[in-house]
Each structure stands twice: as C-alpha cells, then as structure tokens.
There are 2 protein chains.
Amino acid sequence: MFITFKKYISEKTVLSDRDWAIIKPLCIIKKLRKQQYLLQEGEIWKYHAFVCEGCLRRYSIDEKGIEHIIQFVIENWWAGDRESLANETPSRYNIDAIENSAVLLIRKDNFDIICKKIPEFNELMNTILQRSLNASQLRIEAAISFTAEEKYLHFIKSFPNIANRVPRRMLASYLSITPETLSKIKNQITKK
Amino acid sequence: MFITFKKYISEKTVLSDRDWAIIKPLCIIKKLRKQQYLLQEGEIWKYHAFVCEGCLRRYSIDEKGIEHIIQFVIENWWAGDRESLANETPSRYNIDAIENSAVLLIRKDNFDIICKKIPEFNELMNTILQRSLNASQLRIEAAISFTAEEKYLHFIKSFPNIANRVPRRMLASYLSITPETLSKIKNQITKK
DNA sequence: GCTTTCGCTTGATATTTATCAAGATGCTTT
DNA sequence: AAAGCATCTTGATAAATATCAAGCGAAAGC
C-alpha cells in the first residue's frame with residue numbers, strides 16, 4: 001500500500017531517503033470494506049487521505065434524503081473534505097467505499113509538519129490543490145452546460161476507468177439525472 | 001485602487017512596510033469599461049488579478065454559441081483563469097466587465113517572487129486557493145442538487161450583493177436556466 | 001423629445017427529464 | 001440449485017423546463 005503512495009509522489013517530485021524517513025512513520029494505512037464509511041456527515045475531518053487501492057465516493061444527502069454524489073475517488077487520487085479539514089467544521093459530506101479499498105491517512109498536524117520540513121512536498125501539495133480546483137471547474141462547466149446525454153458522454157470519455165467500475169445508479173447521481181433516464185440514454189446511444 | 005488591495009490583505013495577515021515595498025512596484029492597475037474583456041478565449045492568462053472595484057463574469061461559450069457563466073467576481077475577490085495560468089495553456093474562458101471596474105494585476109513571475117520573499121503572503125494565497133476550492137464545491141452541489149427555484153433562492157441568499165447587480169439573463173446563465181424560467185420563478189415566489 | 005434598441009415579462013406550446021409501476025436480469029446467500 | 005434481494009430496464013404518465021412569439025418598459029442614441 002505504502003509503495004503505491006511512494007510511487008505516486010516519486011513520479012511528481014524527487015524526495016530523499018531522509019525525507020521518506022520523515023513521512024513514512026506518519027502514514028496510517030486504513031482498509032475499507034465495500035460500503036464502509038471513511039467519513040460521515042457531522043464529523044470533523046482530520047486527515048489528508050490518499051487512495052492506494054479501490055474506489056470511494058463523496059456525497060451529500062439533501063432534506064428529501066436523496067444522495068448527491070459530488071465525486072468519485074479511485075486509486076492515486078486524494079479523498080477527504082478539505083473544507084472541514086481547513087475550518088475544523090462538521091462535514092456536510094459522507095465518504096464511503098464503493099469497492100474494498102485501501103487508504104493512506106496522514107493526520108493534519110503531521111501533514112503540516114511534513115510540509116514544513118520538506119519544501120518539495122509542500123510545493124507538490126499546492127500543485128495538487130490547484131489541480132483539484134481545475135477539476136472542480138470542469139465539473140461545474142459540465143453540470144451547467146450539458147444535457148443529460150452530453151453529460152453521460154462527457155463522463156465516459158473523461159473517466160472511462162471510473163465509468164465501468166461504479167454502479168449505474170451512482171453514476172446517475174453523479175450526473176444529476178435519474179437511473180431511469182440514464183438507462184434510456186444509454187439505450188439511445190447504442191442504437192445510433 | 002491599491003489601497004483596496006492593501007486593506008484586503010491587511011485584514012488577513014500582517015505585512016511589514018518592507019514587504020509592501022516589494023509588492024507595490026509589481027502591481028498593475030487596469031481599468032475596465034463595462035463590456036470590456038479582461039481575458040478572451042484562446043489567450044494564455046499570465047496574471048493574478050484582484051478586483052478592486054466593479055463586477056466581472058467568467059464564462060465559456062459552447063458549440064451552439066451559448067454563454068455559460070461559471071462565476072461572478074466582485075470587488076475583493078480574485079479573477080482570472082488559474083488553469084491557463086498554471087499550465088500555460090490557452091484559456092477556455094472569457095472574462096469581461098459587467099460594470100466599469102478596476103483590477104489589480106500581478107504578473108505570474110512577479111507573483112512567484114513575492115511568494116518566495118514573503119512567506120506570509122505565500123501562505124495567505126494558499127488559504128485563498130483553498131477557499132476557492134470550497135466555493136467550487138458548493139457550486140457543484142447547488143448545480144446538481146437543486147431545482148431551478150431552489151437554485152435561485154440559494155443564490156440570492158448566498159450572494160445578495162451580487163444578485164441585484166447583475167442582469168437577469170446573466171443570473172439565469174449562471175443558474176443554468178433560461179431567462180424566461182427565471183422570470184416565472186421570481187413571479188411565483190413573490191406571489192407566495 | 002422622439003425613436004430605437006435591448007432586456008424583461010408573459011402566454012402558448014414543445015421537449016426534456018422525472019416519477020411511478022412492472023418486469024427482467026444478475027448476485028448473494030443459504 | 002433455489003430463493004431472495006438489488007439493480008437495471010422499459011413503458012406510460014406527469015412535471016419541470018425550454019422554446020418560440022409577442023408585448024411592455026426603460027435606458028441609450030440621435
């Protein structure tokens with residue numbers, strides 16, 4: 001598990017063995033069974049979380065009890081609730097595992113220590129934050145610009161590796177359409 | 001104009017006169033007339049831009065020629081296209097002024113110099129990046145969870161100061177509904 | 001001051017998407 | 001292998017939203 005993380009970081013920046021000696025003891029590996037929560041609404045999120053293996057989803061639940069999936073997170077991406085983490089406020093999100101998964105956790109305080117001691121790490125994390133923002137912007141654009149069919153086509157084009165791993169109804173939730181509509185759209189497309 | 005920026009920063013962190021002596025010469029004030037572009041699709045964005053006064057919008061244009069407003073930016077917020085800035089790729093967005101506006105620009109290279117020389121500034125900018133991400137997340141949630149009416153009510157509650165400054169049709173674009181629908185919704189609400 | 005233009009509203013109609021209900025498929029568990 | 005449960009599909013109907021067209025009113029230009 002840890003090796004996945006090390007590989008991920010090493011592809012983006014160069015850290016010394018000494019750096020890794022700082023990082024490694026502060027990492028916690030957590031295995032999640034399918035359906036298991038990583039974070040539940042109302043909790044205060046305290047970690048930076050890197051997904052080594054598996055697939056998670058982050059979602060909110062509205063007053064009608066309907067789940068709205070904000071994000072899927074697969075291996076080599078970061079999970080968690082940055083807002084709750086930064087402001088120390090109760091999270092409005094749930095995060096749970098869609099597949100059996102393994103997550104690498106670093107407590108916020110330890111994470112900050114690493115960032116202070118290792119400027120390259122700090123820099124990389126800012127780059128990643130920047131990328132998250134870019135991804136969010138694309139998601140906003142898709143959500144406000146596309147029809148149901150366009151949203152689906154855009155998604156399978158952008159994330160083919162996620163599309164075939166998540167249940168259809170969850171994909172529908174992510175795309176903000178009903179499972180029935182998604183089913184019909186898929187049907188129409190294959191006819192063409 | 002510059003004083004607005006100084007006040008904004010000073011509310012969030014403490015910088016010395018020496019720090020300001022570094023920053024000030026690197027700032028460019030740009031005045032924009034209503035309708036004037038700050039950034040046009042295809043250009044590579046090179047600045048960090050702080051809005052001192054006025055109101056801008058950032059939007060993309062789809063293949064059908066329809067504008068989709070991603071964001072409104074008023075005084076004391078940051079504008080620009082971070083993706084284009086970070087990756088040095090042509091921007092997919094347009095940014096123009098809805099009102100006569102004044103923007104403070106800092107070239108990327110100069111901005112990086114400031115960040116290096118003034119750690120407090122650097123830290124603050126990361127916090128702001130973090131906040132932008134939070135704002136994006138909320139926008140995603142609103143876009144995928146709400147009906148047209150809910151989106152409108154949520155917007156005027158969240159941004160009352162923007163709601164009454166932007167033309168109705170632009171608000172409709174932001175909310176991803178037609179101006180006609182917005183008009184009818186407003187009507188229904190006042191009836192209640 | 002008059003005209004022109006643009007944005008907003010309103011109503012009629014069309015399209016898209018949601019809802020509801022039933023049946024089909026496939027997985028899991030025993 | 002059978003039973004039970006989930007999910008996905010399909011069709012009929014309903015609701016939400018878009019489109020189109022016309023009229024109103026206020027701001028901008030002459």
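All chains are named by letter (A, B, ...) in the order of the sequence lines, taking the proteins before the strands, and each is independently numbered beginning at 1.
Protein atom NZ of A:Lys186 is 16 Å distant from nucleotide atom P of D:dT7, rounded to whole Å. One interatomic measurement links the two molecules: CG of B:Leu182 to P of D:dT19, which rounds to 15 Å at whole-angstrom precision. Remark: C1' of C:dT15 and CD1 of A:Ile185 are 14 Å apart, rounded to the nearest angstrom. Atoms CD (A:Glu149) and P (C:dT16) sit 10 Å apart, rounded to a whole Å.
Between A:Phe72 and A:Tyr174, the angle of the ring planes stays under 30°, which puts this pair in the parallel group of the 30/60° scheme.
Considering only side-chain atoms of A:Thr147, the nucleotide from C:dG7, D:dT10, C:dT17 that sits closest is C:dT17. Considering only the side chain of B:Ser183, C:dT10 comes nearest among C:dT17, C:dT10, D:dT17. Picking from D:dA18, C:dC8, D:dT17 the nucleotide with the shortest atom distance to the side chain of B:Ala148 gives D:dT17. With C:dA18, D:dC8, D:dA18 as the choices, the nucleotide that has an atom nearest any side-chain atom of A:Thr181 turns out to be C:dA18.
Residue-to-nucleotide contacts include no donor-acceptor pair under 3.5 Å from the side chain of B:Glu180 to the base of C:dC8.
For the OP1/OP2 pair of D:dT7 and a distance below 4.0 Å, the side-chain nitrogens and oxygens of A:Arg168 include no atom meeting the criterion.
Each of B:Phe146 and A:Met170 has a nearest nucleotide on DNA chain D; the 5'-most of these lies closest to A:Met170.
By the rule that a glycosidic angle within 90° of 0 means syn, D:dA15 does not qualify and counts as anti.
With 3.5 Å as the limit, one finds a donor-acceptor pair spanning the side chains of A:Tyr93 and B:Glu141. Between B:Ser91 and B:Asp81, the side chains place a donor N or O and an acceptor N or O closer than 3.5 Å (distance only, hydrogens not considered).
In this structure, A:Ile177 reaches the sugar-phosphate backbone alone: every heavy-atom distance under 4.0 Å involves primed, P, OP1 or OP2 atoms, never a base. If you check every strand for non-hydrogen atoms under 4.0 Å, B:Pro179 touches nothing.
Both tests hold for A:Lys12 against A:Tyr8: distance to the six-membered ring centre under 6.0 Å, angle to the ring axis within 45°.
Aromatic ring centres of A:His68 and A:Tyr59: separated by at least 6.0 Å.
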